[in-house]
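Heads up: the structure comes next, in structure tokens.
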Amino acid sequence: MNELGNANFENYIGINQGFSEMGYQIVAQVLTLGYAVMLAALFYFILTIKSVSPKYRISAVLSVVVMVSAFLLLYVQANNWTSSFVFDKEQGKYFLGNGKDLFNNGYRYLNWLIDVPMLLFQILFVVSLTKSNFNSIRNQFWFSGSAMIITGYIGQFYEVTDFTAFAIWGAVSTVFFFHILFLMRKVISEGKEGIPLKAQKMLGGIWTLFVISWLLYPGAYLMPHLFGIEGGLFNESGVVARQITYTVADVCSKVIYGVMLANVAQILSKEEAYVEAA
Ligand code: RET
């Protein structure tokens, strides 16, 4: 079982029982859908940037940064899948090829290293903090966001070979994750003060979306174990479920989040223009 070193569990399935046509194609297509959405949304954020007043536009610019980096990294991640496994005519399944590379989810993690701080900064350019200090929250977002991803990135290399290392790095990462949740809750509750009801409701929706979509990532981290890898029960559904989870999480945490934030900025822009005119 150790011939693959610290490879992700996708490869262990690829070398043992292989992927069915359905399993392999769902992953290939879901990965493709992922980067296609990022490119489409890139245009959306560029084309709608003038719908908000200038002071909110940095938020849209950050969405653009997120889209470009996600598009490129998810494109590489999708190619990494199709170049790692090859179809075997005798067995009618896809197996790990003798290509130059194994499949690794690390591209995603490095994408998050860029996107997580950007997504967290984004909201600070839309809401007005009433009590907290902008620079202090920004620095804490940046610090805990990066630390959460780097520790998780290291941990994911051990998902098959060393459960203790996998669990410890995952637990350290979770501490930073809780810190981010705590900060975000504070930012959103301060942001709700004194703004129109419609914008308050939208911010409430952003909080719900944030908690659910960000929780999907640790869920995907644990997935090889949720599907019973220790018992030797290698199952391709774990792989398919994990890649679908990542794509759903990415679309929610980057695209839908960005659209909802832009919506808050639109409501605030309208209200301020009204106040100015009056
Ligand atoms: C890891 C490791 C295991 C523990 C935890 C994790 C959290 C990851 C999160 C990632 C969010 C990524 C986003 C990307 C958008 O581009 C690293 C999986 C808690 C919350 C929002």
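For ligands, and for the atoms within them, numbers begin at 1 and follow the listed sequence. Everything quoted here is computed from the prediction, not taken from an experiment. Both backbone and side-chain heavy atoms feed into the values below; hydrogens, waters and symmetry mates do not.
Heavy-atom proximity to Gly170, at under 4.0 Å, picks out these atoms of ligand 1: 4 (C). Shown in contact with Met148 at under 4.0 Å from a heavy atom are these atoms of ligand 1, numbered in order with element: 7 (C), 8 (C), 9 (C), 10 (C), 17 (C), 20 (C). Of all the atoms in ligand 1, the ones that sit under 4.0 Å from a non-hydrogen atom of Phe177 are 19 (C), 20 (C). Counting the atoms of ligand 1 from 1 in the order shown, those under 4.0 Å from a heavy atom of Ser253 are 15 (C), 21 (C). Set against the non-hydrogen atoms of Leu119, the atoms of ligand 1 under 4.0 Å away are 15 (C), 16 (O). Against a heavy-atom cut-off of under 4.0 Å, Gly152 is close to the following atoms of ligand 1: 2 (C), 17 (C).
A donor-acceptor pair is defined here as one N or O able to donate and one able to accept, closer than 3.5 Å; such a pair exists between the side chain of Gln156 and the backbone of Tyr153. Under a 3.5 Å cut-off, the side chain of Asn8 and the backbone N or O of Phe157 do not form any donor-acceptor pair. Tyr257 places a side-chain N or O within 3.5 Å of a backbone atom of Leu119 that can act as its donor or acceptor partner.
Ring geometry for Tyr221 versus Phe166: interplanar angle under 30°, hence parallel rather than tilted (30 to 60°).
Regarding atom 5 (C) of ligand 1, its nearest protein heavy-atom neighbour is Ser173 OG, 3.4 Å. For atom 7 (C) of ligand 1, the nearest non-hydrogen atom of the protein is Pro218 CD, 3.8 Å. Nearest protein heavy-atom neighbour of atom 8 (C) of ligand 1: Tyr217 CB, 3.6 Å.
More than 12 heavy atoms of other residues, nucleotides or ligands sit less than 6.0 Å from atom CZ of Phe121.
A salt bridge links Glu159 with Arg242: the distance from a Lys NZ or Arg NE/NH1/NH2 to an Asp or Glu carboxylate oxygen falls below 4.0 Å.
Exactly one residue among Tyr107, Tyr35, Tyr24, Tyr94 makes a ring-ring contact (aromatic ring centres under 6.0 Å, His included) with Trp81. That residue is Tyr24.
The distance criterion of under 3.5 Å between nitrogen or oxygen atoms is met by Lys254 with respect to ligand 1.
Of all heavy-atom pairs spanning Ser51 and Gln266, the tightest one is OG-NE2, 2.9 Å.
At a heavy-atom distance under 4.0 Å, atoms from both the backbone and the side chain of Trp214 approach ligand 1. The side chain of Val116, and not its backbone, has at least one atom closer than 4.0 Å to an atom of ligand 1 (non-hydrogen atoms only; side chain from C-beta on).
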